[in-house]
Amino acid sequence: MASSSSYNSPCAACKFLRRKCMSGCIFAPYFPPEEPQKFANVHKIFGASNVTKLLNELLPHQREDAVNSLAYEAEARVRDPVYGCVGAISFLQRQVQRLQKELDAANADLLRYSFSDISPAAISVPPGLTSLQQIPQRGFGARIGNEGSGFYLQTPNTAYSYPYSLPWNDNFSDDISEGGGGGNL
């Protein structure tokens, strides 16, 4: 929040608009003369009059956050006129979904590797069962998919059975194009 009026240098807004920067200029605290592009982008996207009206309607402690938001949206809109900051948000959401799929695949790998090292005799029988043979057996075969986001096809009846239910269901679809994530954009 640099006030430029004390140095008789107009703020970036007044300089851009080619007007005299008065002592009570609403733009001066938020658009210092060192950042002329910040106001130029905000003016290009929102207009100086609209920004003035918005800042006058806000409480003084809310104005800095509002200007920062306007400047961010204006910068994003200048870089990407169609999507603006929504394009950046969508990109980040897709990246989170991709990384979640990679994490799920890594966790499946860890499960598979950790249980391939344990002998069935080392695991105690859960209460209510007389032996591990009463538990449905499940195994993993070939990995399907690419870029770390694939999954494992289940192979029937391997030598090891799990003494608990796995977090995924037994329903298998032949359509490998079904995405994961379950989120809506």
Side-chain angles (χ1 to χ4, degrees), residues 1-5 9-22 24-112 140 142-153 166-169 171-185:
M1 270 178 91
S3 178
S4 61
S5 58
S9 176
C11 66
C14 292
K15 192 172 188 179
F16 184 86
L17 298 172
R18 297 177 186 220
R19 66 181 193 189
K20 185 175 180 183
C21 191
M22 305 302 269
C25 176
I26 195 154
F27 293 124
Y30 314 107
F31 297 103
E34 302 86 38
E35 300 176 16
Q37 195 60 42
K38 181 179 177 181
F39 180 77
N41 290 342
V42 169
H43 174 65
K44 181 177 181 179
I45 301 301
F46 299 106
S49 176
N50 290 331
V51 175
T52 302
K53 289 176 193 174
L54 178 79
L55 292 177
N56 283 328
E57 289 177 6
L58 292 174
L59 297 174
H61 71 276
Q62 297 173 322
R63 291 177 183 167
E64 186 173 6
D65 289 335
V67 168
N68 289 337
S69 295
L70 289 172
Y72 180 80
E73 173 62 30
E75 172 81 20
R77 190 62 65 172
V78 166
R79 289 181 182 208
D80 185 356
V82 175
Y83 294 107
C85 68
V86 174
I89 292 168
S90 296
F91 171 78
L92 292 172
Q93 284 178 335
R94 285 191 305 272
Q95 188 176 18
V96 166
Q97 288 173 347
R98 181 183 54 79
L99 292 171
Q100 184 63 48
K101 287 179 183 180
E102 288 182 22
L103 180 62
D104 292 344
N107 284 334
D109 286 343
L110 285 173
L111 275 175
R112 184 171 54 90
F140 296 98
R143 190 170 182 160
I144 307 244
N146 57 11
E147 297 178 11
S149 63
F151 56 91
Y152 290 90
L153 283 175
L166 293 172
W168 49 84
N169 60 26
N171 299 332
F172 176 71
S173 172
D174 288 329
D175 183 11
I176 63 171
S177 64
E178 292 179 27
N184 296 330
L185 290 178

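We're numbering straight along the sequence, starting at 1. No experiment lies behind these values; they were computed from the predicted model shown.
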For Pro32 against Ala12, the heavy-atom pair lying closest together: O-CB, 3.3 Å

Residue pair Val42 / Phe31, side-chain heavy-atom distance below 4.5 Å: yes

Under 3.5 Å side-chain donor-acceptor pair for Asp104 and Gln100: yes

What are the two closest non-hydrogen atoms of Glu75 and Asn41, and how far apart are they? OE1-ND2, 3.1 Å

Over 12 non-hydrogen atoms of neighbours within 6.0 angstrom of OH in Tyr72: no

Can you tell me how far apart CZ (Arg94) and CG (Leu99) are? Round to the nearest 0.5 Å. 13.0 Å

How far apart are the closest heavy atoms of Ala76 and Cys85, and which atoms are they? CB-N, 3.4 Å

Which residues pass the side chain to side chain contact (heavy atoms under 4.5 Å, CB included) test with Tyr83, sequence neighbours left out? Asp80

Nearest heavy-atom contact between Arg77 and Ile45 is CG-CD1, 3.6 Å

Can you check whether Asn107's main-chain N or O pairs, donor with acceptor, with Arg112's side chain at less than 3.5 Å? no

I'd like to check Thr52 versus Phe27 (side-chain heavy atoms, cut-off strictly below 4.5 Å). Are they in contact? yes

For residues 35-44, which residue pairs pass the salt bridge (charged side-chain N to carboxylate O under 4.0 Å, His left out) check, not counting sequence neighbours? Glu35-Lys38

List the steps and the verdict of side chain to side chain contact (heavy atoms under 4.5 Å, CB included) for Gln95 and Leu92. CA-CA 5 Å; Gln95 188 176 18; Leu92 292 172; 3.7 Å; yes

For Phe46 and Val51, work out which heavy atoms get closest and say how close. CB-CG2, 3.9 Å

Atom NE2 of His43 and atom CG of Leu17: how far apart are they, to the nearest 0.5 Å? 5.5 Å

Looking at every heavy atom in both Ala28 and Cys11, which two are closest together, and how far apart are they? CA-CB, 3.6 Å

Under 4.5 Å between any side-chain heavy atoms of Glu73 and Ser69, yes or no? no

Test log, rule salt bridge (charged side-chain N to carboxylate O under 4.0 Å, His left out), inputs Glu57 and Lys53: CA-CA 6 Å; Glu57 289 177 6; Lys53 289 176 193 174; over 6 Å; no

Is any side-chain heavy atom of Phe39 closer than 4.5 Å to a side-chain heavy atom of Lys15? no

